Amino acid sequence: MSVSFTVAPLRACRDILKELRAVKGPGYQRSPAYRYVMDQFRHNRITSEKLCRSQQDLLHRASSYLCLLQSTRLHLSLHAEYHGEGSTREKGLGDVARMVGLALPTQPGGKGWE
Amino acid sequence: MLRNVLRLYNSLPVGCCPLITSQTQTRRLLECRRTYSSATSERKKFYQDVSISQGEGGVFEINLDRRKLKTPGGKLFTVPNEALATAVATEWDVQRDTLKFYAMHMTTLCNTALDNPTQRNKDQMIEASLKYLETDTICYRVEEPPGLVQLQKNEWDPVMDWIEKRYNVVIGSSSNIMGPTIPEETKDTFRQHLASYNFWALTGLEYVITQLKSVILSFGLIDQHLTVEKAVQLSRLEEEFQIHHWGNVEWAHEYDLQELRSRTAAGTLFVHLSSESATMKRKLLQDLEFPLPRKPTIKTPLLSKHSHH
């Protein structure tokens, strides 16, 4: 088998549910996604698969979905931090410069025209 | 008139317009622009509940409160199976206050498959996908710095070996600007393989190829040889090398990484879920050997039978 990931089914399931909870809040157990994910993992455990192919399918899809949930959440939080409302225009010039690791120059003598 | 048409042409999103040749096409483009422009701006969330229901012909629909979701082109939004519907419904369900369409990749992919705004058929999509093979990321090697040369050899060569063995083709890599010459037999093999995918799966696959800038990595992902994270890392190998050397800039590198991961993950999931009917048939045949009490596919109280509104 050339599958290169090592996430166990239990951990994949648990991580997906953690993501769902993080992104949906307290009602996440009532969501269609929660039900579907639990169904998939339960059904795959009960049927004793002669071929491990469907288990690999499920694991890969679970890993992809987990990546989708995590990366979307992180992308949105980075967007809010660096490109969203109040992240640049409402801040002062000094704060924005500090965001990219620069600082405004300090001129001890003051600007020439002041 | 022509100036207005050209202005419209320039403002449409890339990849959306063929050459304007007739009035009907111009009208179609204007309609296309009206409906698609609303998909890019942010809107306030206008619903409370999201649910799935089954419609005519076994397709699934998304309901926002009591209204059925429609595509930007005005068609009823339908997906072929429950898994896809669940993924799309979840995307709509987790929106707060404003709808961030740029983060709803599954919905976008379904819209593209349903509306087909570029009006292409399967063969055209296969050709467009294979065109990326000539400029595949994995095939382009640098000659310096030596650290990057070694990294490319260590990371990309195994994937190249895998695909050449799996599909029994010759691709090869090159370090000159023209790139490798791909033999016609290789392209034919891939063409045949891609023809076995349905239209929806091809939409997803082409999306993954354009994100990763590599046909080989996309095949690796779809054939489950690579995970999404690994495929993205291999696609960004040179950037990772530079980041390792010069440091990571969060507002650029991290942002791009997470965005690429989310798009690639969505595309991969879309391909796998769109090809699901084949897997379902295989599982049904297996279940005949181990008969289980078959659960009905729809059993949530939120579901409602199809009804016109």
Side-chain angles (χ1 to χ4, degrees), chain A residues 1-7 19-20 22-25 27-28 30-37 39-40 42-44 46-51 53-54 56-85 87 99-101, chain B residues 50-52 82-83 85-87 89-91 93-94 96 100 102-106 162 166 220-221 223-230 232 247 249-252 254-269 272-273 276 279 282-283 286-287 289-290 292 295 299-300 302-303:
Chain A
M1 261 294 144
S2 58
V3 174
S4 57
F5 52 83
T6 52
V7 53
E19 282 295 321
L20 283 177
V23 85
K24 269 192 63 74
Y28 78 105
R30 278 172 276 133
S31 60
Y34 180 87
R35 269 190 293 269
Y36 184 81
V37 168
D39 272 353
Q40 286 293 299
R42 258 190 230 124
H43 189 241
N44 210 271
I46 294 170
T47 57
S48 55
E49 301 290 343
K50 276 182 175 173
L51 312 158
R53 178 64 204 269
S54 333
Q56 298 291 13
D57 282 353
L58 175 66
L59 273 182
H60 194 262
R61 273 183 288 154
S63 154
S64 305
Y65 192 51
L66 177 63
C67 182
L68 175 63
L69 289 174
Q70 277 176 339
S71 55
T72 314
R73 179 172 57 85
L74 290 168
H75 171 223
L76 284 172
S77 75
L78 284 169
H79 188 90
E81 195 179 330
Y82 293 111
H83 302 283
E85 295 288 313
S87 65
M99 262 168 72
V100 297
Chain B
V50 182
S51 58
I52 311 169
E82 193 187 0
T86 312
T90 311
E91 277 188 348
D93 208 8
V94 303
R96 301 261 169 282
K100 297 181 165 44
Y102 55 84
M104 294 160 74
H105 302 297
M106 300 298 289
W162 168 82
R166 163 97 168 75
L221 200 48
D223 290 343
Q224 302 176 12
H225 175 72
L226 303 164
T227 58
V228 174
E229 288 91 341
K230 184 70 183 170
V232 165
V249 178
E250 196 178 55
W251 57 266
E254 198 61 31
Y255 184 85
D256 285 345
L257 174 67
Q258 298 302 335
E259 191 182 19
L260 183 59
R261 271 190 187 168
S262 64
R263 285 161 181 253
T264 311
T268 311
L269 201 62
H272 286 143
L273 294 181
E276 198 173 69
T279 331
R282 235 187 301 136
K283 276 191 73 68
Q286 284 175 357
D287 282 344
E289 296 175 37
F290 299 97
L292 284 178
K295 292 186 281 215
K299 62 181 181 77
T300 63
L302 292 172
L303 258 52

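Note on naming: letters A, B, ... go to the chains in the order of the sequence lines (proteins, then strands), and numbering restarts at 1 for each one. None of the values given here were measured: they were computed from a predicted structure.
- Between chain B and the options A:Cys67, A:Gly25, A:Ser77, the largest number of non-hydrogen pairs under 4.5 Å is found for A:Cys67.
- When heavy atoms are compared at a cutoff of 4.5 Å, B:Met106 approaches chain A solely by way of its side chain, counted from C-beta outward.
- Proximity of B:Leu269 to B:His105: side-chain heavy atoms (C-beta onward) are nowhere separated by under 4.5 Å.
- With a 4.5 angstrom heavy-atom cutoff, A:Leu69 does not touch chain B via any of its atoms.
- Taking 4.5 Å as the limit, every side-chain heavy atom of A:Glu19 sits out of range of all side-chain heavy atoms of A:Tyr65.
- For B:Arg263, no part lies near chain A; criterion is any non-hydrogen pair under 4.5 Å.
- Side-chain contact, B:Glu250 with A:Tyr82: a donor N or O sits under 3.5 Å from an acceptor N or O.
- Atoms CG and OG1, from A:Leu20 and B:Thr90 in turn, are 6.5 Å apart once rounded to the nearest 0.5 Å.
- The choice from A:Val37, A:Thr72, A:Leu74 that makes the most heavy-atom pairs within less than 4.5 Å of chain B is A:Leu74.
- Under the 3.5 Å distance criterion, the side-chain polar atoms of A:Ser63 are left unmatched by any main-chain donor or acceptor of A:Leu59.
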